[in-house]
Amino acid sequence: MSFRFTAMATIVMAFLPVSAFAQSADVPKLGTCITCHGRDGVGTSPVFPNLAGQKSLYMVQQLEQFRSGARKSEVMNVVAKPLTDAEIEALANYYEGLKPGGP
């Protein structure tokens, strides 16, 4: 991953609490995810994977691996580290419920 991408991701994450993407009461931490993966589950850039329709079991496993550091990603390890099991479950269920490819 390039230094420039990592630097940009760090800057974006620094401003997330004041982001225009307010977190949903039903899905804690959604505001963090939609910055890259979109509210509709379609990545906001070609480098970010689409999550819409992704199986929740798979997403839970991946987020747990990012959180523990077993799966390496400069950005996702930082994003997933503070997530609780309940937040991971809520995020996974949210994205699974979206139509693949967006609205």
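Just so it is clear, the model here is predicted, and its values are computed rather than measured. In this chain, residues are counted from 1 in sequence order.
The main-chain N or O of Gln62 is never found under 3.5 Å from a side-chain atom of Arg71 such that the two would form a donor-acceptor pair. A donor-acceptor pair is defined here as one N or O able to donate and one able to accept, closer than 3.5 Å; no such pair exists between the side chain of Thr44 and the backbone of Gly38. Between the side chain of Asp40 and the backbone N or O of Val42 there is at least one donor-acceptor pair closer than 3.5 Å. At distances below 3.5 Å, not a single donor-acceptor pair connects side-chain atoms of Tyr94 with backbone N or O atoms of Gly41. Here the side chain of Thr84 pairs a donor or acceptor atom with the backbone of Glu87 at under 3.5 angstrom.
Rounded to the nearest 0.5 angstrom, Tyr95 OH and Asn50 CG are separated by 10.5 Å. Leu98 contributes atom CG, which lies 13.0 Å from atom NE2 of His37 (distance to the nearest 0.5 angstrom).
The two atoms that bring Pro100 and Gly53 nearest to each other are CG-CA, 3.9 Å, heavy atoms only. Among all heavy-atom pairs drawn from Cys36 and Phe48, the shortest one is O-CB, 3.3 Å. Of all the heavy atoms in Arg67 and Lys81, the pair that sits closest is CG-O, 3.6 Å. Of all non-hydrogen atoms in Asn77 and Phe66, the two that sit nearest each other are ND2-O, 2.8 Å.
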Practice item. Would you please test Glu89 and Asn93 for side-chain contact (heavy atoms from CB on, under 4.5 Å) and show each step? Key: CA-CA 6 Å; Glu89 195 73 35; Asn93 288 332; 3.8 Å; yes
Exercise for review: Show your reasoning for whether side-chain contact (heavy atoms from CB on, under 4.5 Å) applies to Met76 and Leu63.
Suggested key: CA-CA 8 Å; Met76 286 303 300; Leu63 285 169; 3.7 Å; yes
Exercise for review: Apply the test side-chain contact (heavy atoms from CB on, under 4.5 Å) to residues Leu83 and Thr32: give CA-CA distance (whole Å), side-chain angles for both, the deciding distance (0.1 Å), then the verdict.
Suggested key: CA-CA 11 Å; Leu83 295 176; Thr32 303; over 6 Å; no
